[in-house]
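Worksheet: one structure, shown below.
Order of the sequence lines sets the chain letters (A, B, ...), proteins ahead of strands, with each chain counted from 1. The structure displayed is predicted, hence computed values, not measured ones.
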Number of protein chains: 2
Amino acid sequence: MSFPERSTRQRQILLAALSSAGRPLLPGELHEIARAEVPGLGIATVYRNLKLLLDEGILQAVNLPGENVRYEIRAQPHHHHFQCRTCGRVFDIPGCPGSLEHLAPAGFIADGHELTLYGRCPDCARA
Amino acid sequence: MSFPERSTRQRQILLAALSSAGRPLLPGELHEIARAEVPGLGIATVYRNLKLLLDEGILQAVNLPGENVRYEIRAQPHHHHFQCRTCGRVFDIPGCPGSLEHLAPAGFIADGHELTLYGRCPDCARA
DNA sequence: TTGATAATGATAACGCATTATCAATTCTGA
DNA sequence: TCAGAATTGATAATGCGTTATCATTATCAA
């Protein structure tokens with residue numbers, strides 16, 4: 001919740017890109033998308049703002065197996081993700097199958113879970 | 001399936017450690033465990049044998065969200081994992097909740113999933 | 001036992017994502 | 001409009017997991 005925050009063109013575009021993407025983005029993906037609006041935008045600025053927005057609670061980190069951290073607008077409280085095996089992009093899955101904690105073997109106390117689906121996104125399913 | 005494979009003490013111990021651990025191990029964990037038997041064992045040897053055993057299909061890689069790759073003996077065809085929030089260790093969960101692919105939104109074609117449970121392992125639940 | 005060679009250990013090197021540095025630029029309140 | 005401070009861009013530096021290098025050692029078929 002650091003406050004001396006200025007509204008720079010770069011910051012606006014980064015947030016807008018994350019917002020309109022509607023899916024978790026890698027720093028590199030975000031950089032590329034934002035570059036379309038602000039050609040000179042540097043990768044360091046992407047990381048700086050990502051961290052800043054994360055600290056403010058505006059963004060949340062998304063970790064998938066074997067993948068680098070992605071970031072998305074904090075919206076739905078608990079949901080899962082779908083990764084396309086073809087293009088590698090990650091999408092939100094609205095909803096949760098519910099309690100999966102009962103799968104824990106005896107002696108284990110489960111209090112949470114992460115689920116990732118794999119397959120083809122609409123774009124890649126068509127092709 | 002490279003064959004000129006010799007039975008070295010190091011290789012024996014590494015396989016034995018993975019086998020008796022009964023859970024996925026990080027290269028570093030494996031190194032530490034194996035060191036107990038072969039004090040001079042180097043980390044490079046751990047990585048070399050991990051890759052070799054993986055190529056031979058004796059081991060399989062285990063990727064969890066935000067974690068480095070772990071390795072375990074290839075046994076159960078499809079199962080999931082439990083990570084302890086306290087000690088960080090990863091354990092196998094026998095069984096699978098079944099098809100979760102139906103959660104995919106319209107337009108998406110899901111053909112697989114990964115599931116990780118979080119909580120406390122028996123050791124840490126006791127403490 | 002021996003010779004050919006695979007394997008090892010120590011460590012330098014690498015790849016890659018992320019962060020620090022710093023001069024130049026841009027905001028913003030006064 | 002202006003000064004002070006935050007922000008940016010370019011890039012060097014960092015951290016860390018993994019791999020390459022190479023001299024030495026161990027394995028194993030003959």
Seminar exercise, completed: Between CD of A:Gln12 and P of D:dT8 the distance, given in whole Å, is 10 Å
Problem set entry | 4.5 Å side-chain heavy-atom contact, B:His113 and A:Leu115 | yes
Exercise. For the pair made of NZ in B:Lys51 and C1' in C:dA7, what is the distance, rounded to whole Å?
Worked result: 15 Å
Seminar exercise, completed: Under a 4.0 Å heavy-atom cutoff, the residues of residues 29-48 of chain B touching DNA chain C are B:Gly40, B:Leu41, B:Gly42, B:Ala44, B:Thr45, B:Arg48
Exercise. So, B:His81 versus B:Glu72: side-chain donor-acceptor pair below 3.5 Å or not?
Worked result: yes
For this session: Measure the angle between the two terminal helix axes of the helix from C:dT1-D:dA30 to C:dA30-D:dT1, five base pairs each, and quote it to 10°.
Result: 40°
Exercise. Going only through I, L, V, M, F, W and Y residues with side-chain contacts under 4.5 Å, is there a path from A:Leu52 to A:Ile58?
Worked result: no
For this session: Round to the nearest Å and state the distance from A:Leu50 atom CG to D:dT7 atom P.
Result: 15 Å
Seminar exercise, completed: Residue pair B:Asn68/A:Gln10 against DNA chain D: nearer the 5' end by closest nucleotide is A:Gln10
Problem set entry | Any A:Cys124 side-chain heavy atom under 4.5 Å of A:Arg85 side chain | no
Problem set entry | Residue list, ring pair (Phe, Tyr, Trp, His ring centres under 6.0 Å) with B:Phe108, at least two apart or on another chain | A:Phe82, A:Phe91
Problem set entry | Flag side-chain contact, heavy atom, 4.5 Å: A:Gln83 against A:Val90 | yes
For this session: Could you note down all residue pairs passing salt bridge (charged side-chain N to carboxylate O under 4.0 Å, His left out) where residues 99-109 of chain A supplies at least one of them, sequence neighbours left out?
Result: none
Problem set entry | side chain to side chain contact (heavy atoms under 4.5 Å, CB included) partners of B:Gln12, counting only residues at least two apart | B:Ser7
Exercise. Which distance, rounded to the nearest 0.5 Å, do you find between the OG of B:Ser20 and the CG of B:Leu15?
Worked result: 10.5 Å
Any protein N or O atoms within reach of nucleotides 28-30 of chain C? Criterion: under 3.5 Å, listing atom names and distances.
| unit_1 | atom_1 | unit_2 | atom_2 | d |
| --- | --- | --- | --- | --- |
| C:dT28 | OP1 | A:Ser7 | N | 2.9 |

Exercise. Would you say a side-chain N or O of A:Arg11 is under 4.0 Å from OP1 or OP2 of D:dT8?
Worked result: yes
Exercise. Side-chain N or O of B:Asn49 less than 4.0 angstrom from OP1 or OP2 on C:dT8?
Worked result: yes
Problem set entry | Spacing between B:Asn63 atom CG and D:dT18 atom P, to the nearest angstrom | 10 Å
Seminar exercise, completed: note: B:Leu52, atom CG; D:dA20, atom P; distance rounded to Å ~ 14 Å
For this session: Report the distance from atom CD1 of A:Ile13 to atom P of D:dT8, rounded to the nearest whole Å.
Result: 12 Å
Problem set entry | Separation of atom CG in B:Leu26 from atom C1' in D:dC16, rounded to whole Å | 13 Å
Exercise. Do you know which of B:Leu25, B:Leu50, B:Leu41, B:Thr45 makes side chain to side chain contact (heavy atoms under 4.5 Å, CB included) with B:His31?
Worked result: B:Leu41
Exercise. Is any side-chain heavy atom of B:Asp92 closer than 4.5 Å to a side-chain heavy atom of B:Pro24?
Worked result: yes
Problem set entry | Spacing between B:Arg70 atom CZ and D:dT18 atom C1', to the nearest angstrom | 16 Å
